[in-house]
Amino acid sequence: MKLYVIAVGNRMPKWVETAWEDYAKRMPADCAIELKEIKPEPRSNGKTPEQMMLAEAKRIEAALPTNAIRVVLDEHGKDITTVQLAKYIEQWKFSGQDVAIIIGGPDGLDASIKNSGNTKLRLSSLTLPHPMVRVLLAEQLYRAWSITVNHPYHRA
Ligand SMILES: C[S@@+](CC[C@H](N)C(=O)[O-])C[C@H]1O[C@@H](n2cnc3c(N)ncnc32)[C@H](O)[C@@H]1O
């Protein structure tokens with residue numbers, strides 16, 4: 001199984017790239033995480049947020065791997081614990097499908113993407129900045145994987 005993280009936003013600050021790499025390289029081959037960055041629509045050409053999110057939605061659709069389980073990250077999604085995320089990882093592995101976890105840009109995700117996921121999850125009740133979301137997600141995927149194999153990284 002591969003976990004694709006489809007994230008709106010490129011040209012991230014160095015700390016974001018470093019943190020992502022740090023967790024990505026810890027993941028084992030059978031649960032690897034791969035980042036696909038989606039170019040954000042320029043914020044300076046007079047378009048409405050809805051128009052920008054729609055343009056980004058088309059790029060997200062084009063980047064999504066075929067037959068992958070879709071997981072949308074949204075602050076209004078289902079609340080889960082890290083132990084529950086570990087259970088999701090086990091289910092996803094069992095399904096034999098790859099997984100695409102989608103993160104929106106500064107304005108969020110177009111409704112067509114928000115409502116297209118098999119699952120909609122939130123990482124916190126707080127509204128998080130999109131660069132931080134990918135870092136937090138990478139750490140939580142690593143932590144959740146560590147739970148599935150009883151790795152000592154996670155201490156309950
Ligand atoms: C700055 S937020 C967008 C906020 C926007 N007002 C909205 O309604 O989605 C950018 C992206 O980060 C992700 N995100 C932000 N906070 C989150 C949270 N607490 N849980 C899960 N994902 C979150 C979502 O994918 C969101 O589209």
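Every number for a ligand or one of its atoms is a count from 1 in the order of the listing. Only a predicted model underlies this, so the values are computations on that prediction, with no experimental measurement involved.
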Out of [options], who is nearest to [atom] when you count heavy atoms only?
atom                    : options                        : answer
atom 6 (N) of ligand 1  : Lys120, His130, Glu75          : Glu75
atom 25 (O) of ligand 1 : Leu109, Leu121, Leu73, Leu136  : Leu73
atom 19 (N) of ligand 1 : Ile102, Leu128, Leu123, Leu126 : Leu126

Distance-only N or O hit between ligand 1 and [X], under 3.5 Å:
X      : value
Gly104 : yes
Ile103 : no
Pro106 : no
Val133 : no
Asp107 : no
Gly105 : no

Measure the [atom1]-[atom2] distance between [X] and [Y] for me, rounded to the nearest 0.5 Å.
X      : Y      : atom1 : atom2 : value
Asp107 : Met52  : CG    : CE    : 4.5 Å
Ser124 : Leu73  : OG    : CG    : 11.5 Å
Gln140 : His154 : CD    : NE2   : 9.0 Å

Ring geometry between His151 and Tyr142 (parallel below 30°, tilted from 30 to 60°, perpendicular above 60°):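 Rings of Tyr142 and His151: perpendicular, over 60°.
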Per-pair distances, 0.1 Å, donor-acceptor, side chain in residues 83-106, under 3.5 Å, sequence neighbours excluded:
from, atom 1, to, atom 2, distance (Å)
Gln84, OE1, Thr81, N, 2.8
Gln84, OE1, Thr81, OG1, 3.4
Tyr88, OH, Lys78, NZ, 3.1
Lys93, NZ, Asp30, OD2, 3.4
Ser95, OG, Trp92, O, 2.6
Ser95, OG, Gln97, N, 3.1
Gln97, NE2, Asn67, O, 2.9
Asp98, OD1, Lys2, N, 2.8

Which residue and non-hydrogen atom of the protein lie closest to atom 9 (O) of ligand 1, and at what distance in Å?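 Its nearest protein heavy-atom neighbour is Gly108 CA, 3.6 Å.
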Looking at Arg143, is its backbone amide N or carbonyl O close enough to the side chain of Ser146 to form a donor-acceptor pair, meaning the two atoms are under 3.5 Å apart?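 Yes, because the side chain of Ser146 sits within donor-acceptor range (under 3.5 Å) of the backbone of Arg143.
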Output yes when a side-chain donor or acceptor of Arg134 lies under 3.5 Å from a complementary backbone atom of Gly9, and no otherwise.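 Pair found, side chain donor or acceptor close to backbone of Gly9.
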